[in-house]
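Structure, as structure tokens:
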Protein chains: 2
Amino acid sequence: MSYRDKKVISIGLVSEITGLSVRKIRYYEERKLIFPERSKGGTRKYSFADVERLIDIANHIEDGLQTYEIKRMEAKRLRAQTQPL
Amino acid sequence: MSYRDKKVISIGLVSEITGLSVRKIRYYEERKLIFPERSKGGTRKYSFADVERLIDIANHIEDGLQTYEIKRMEAKRLRAQTQPL
DNA sequence: CGTGTAAGGAATTCTGACACG
DNA sequence: CGTGTAAGGAATTCTGACACG
């Protein structure tokens with residue numbers, strides 16, 4: 001696993017990097033769009049891949065998509081990918 | 001700059017990853033062997049490269065080297081590198 | 001010298017809820 | 001639905017110092 005996938009960034013820093021509010025980041029998790037890990041104390045840890053994903057999600061939201069639509073789109077993409085025929 | 005060099009990891013997590021105590025990590029900084037960044041609030045942030053460097057430092061310490069010796073070794077290596085002749 | 005620890009304070013994060021639209 | 005916010009608590013980190021060897 002590359003550095004890109006290691007979950008090591010706190011939510012506050014992710015907020016800084018992405019420009020998204022902490023509230024939004026937590027909400028996208030609630031909607032099952034993002035899956036941070038937790039430290040022993042319970043604090044969320046994100047990877048750089050998660051950061052990129054959050055930016056992607058935010059763009060879709062800005063385009064007027066709802067979270068379940070974003071989730072559905074992914075499911076679709078995943079299916080296309082695993083069943084190339 | 002690659003993900004390896006982004007300073008985003010808190011000292012607690014670095015401690016977990018490296019197995020070094022927080023005290024040791026701060027001490028190596030005091031001795032100018034490692035240079036974390038600081039968040040607005042003042043908390044230290046390390047990169048994956050820093051994590052690897054800390055492990056390297058710890059190995060040298062275990063071998064009985066003193067911090068200034070480790071520092072001197074690096075200076076030597078840097079000189080050899082910048083002046084190949 | 002390198003490292004542990006107790007001390008007091010400050011910054012960070014967490015959850016569940018109420019609000020609005 | 002998506003997001004802000006105040007609330008109270010818990011986890012994290014910070015510094016300077018004393019201790020030991």
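Convention: sequence-line order gives letters A, B, ...; per-chain numbering from 1. Remember, predicted model here, so these are calculated numbers, not experimental data.
- A stem is defined here as three or more consecutive Watson-Crick or G-U pairs, each with both distances under 3.5 Å; for DNA chain C these stems are C:2-5 with D:17-20, C:17-20 with D:2-5.
- OP1 or OP2 of C:dT13 sits under 4.0 Å from a side-chain N or O of A:S10.
- The separation between A:E29 atom CD and C:dC14 atom C1' is 11 Å, rounded to whole Å.
- The side-chain heavy atoms of A:V8 and B:V8, taken from C-beta on, include a pair separated by under 4.5 Å.
- For the pair A:I57 CD1 and D:dG2 C1', the computed distance is 13 Å after rounding to whole Å.
- Set against C:dC14, C:dT13, D:dC14, the side chain of A:R38 has C:dC14 as its closest nucleotide.
- With sequence neighbours excluded, no residue satisfies salt bridge (charged side-chain N to carboxylate O under 4.0 Å, His left out) with A:E69.
- The nearest heavy atom of DNA chain C to B:S39 and to B:Q66 marks one nucleotide each, and the one closer to the 5' end goes with B:Q66.
- When the P atom of C:dC14 is taken as reference, atom NZ of A:K45 falls 9 Å away, rounded to whole Å.
- Inter-residue side-chain proximity for A:S10 and A:R44 is flagged as unmet; no heavy-atom pair is nearer than 4.5 Å.
- Side-chain atoms of A:L65 and A:M73, non-hydrogen and from C-beta on, do get closer than 4.5 Å to each other.
- Between A:R44 atom CZ and C:dC14 atom P there is a gap of 4 Å when expressed in whole angstrom units.
- Counting only heavy atoms from C-beta outward, the side chains of A:V14 and A:V22 never approach each other to under 4.5 Å.
- Using a 4.5 Å heavy-atom threshold, the side chains of A:I34 and A:L54 count as touching.
- Regarding B:E62, its CD atom lies at a distance of 13 Å from the C1' atom of C:dG2, rounded to whole Å.
- Here A:R26 lies in heavy-atom contact (under 4.0 Å) with a base.
- Side-chain atoms of A:K71 come within 3.5 Å of backbone atoms of A:K32 as a donor-acceptor pair (strictly under, hydrogens ignored).
- Atom NE2 of B:H60 and atom P of C:dG2 are 14 Å apart (whole Å).
- The shortest side-chain heavy-atom distance between A:N59 and A:E62 falls under the 4.5 Å cut-off.
- Ionic pairing of B:E29 and B:R38 is present here: one or more N-O contacts between side-chain nitrogen and carboxylate oxygen are shorter than 4.0 angstrom.
- The CD1 atom of B:I25 sits 12 Å away from the C1' atom of D:dT13 (whole-angstrom rounding).
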Between the protein and nucleotides 3-10 of chain C, list the N/O to N/O atom pairs that are separated by less than 3.5 angstrom.
residue	atom	partner	partner atom	Å
C:dT3	OP1	B:Y28	OH	3.3
C:dT3	OP2	B:Y28	OH	2.8
C:dT3	O4	B:R23	NH2	3.0
C:dG4	OP2	B:S21	OG	2.7
C:dG4	N7	B:R23	NE	3.1
C:dG4	O6	B:R23	NH2	3.0
C:dT5	O4	B:R23	NE	3.3

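- For the OP1/OP2 pair of C:dT12 and a distance below 4.0 Å, the side-chain nitrogens and oxygens of A:T43 include no atom meeting the criterion.
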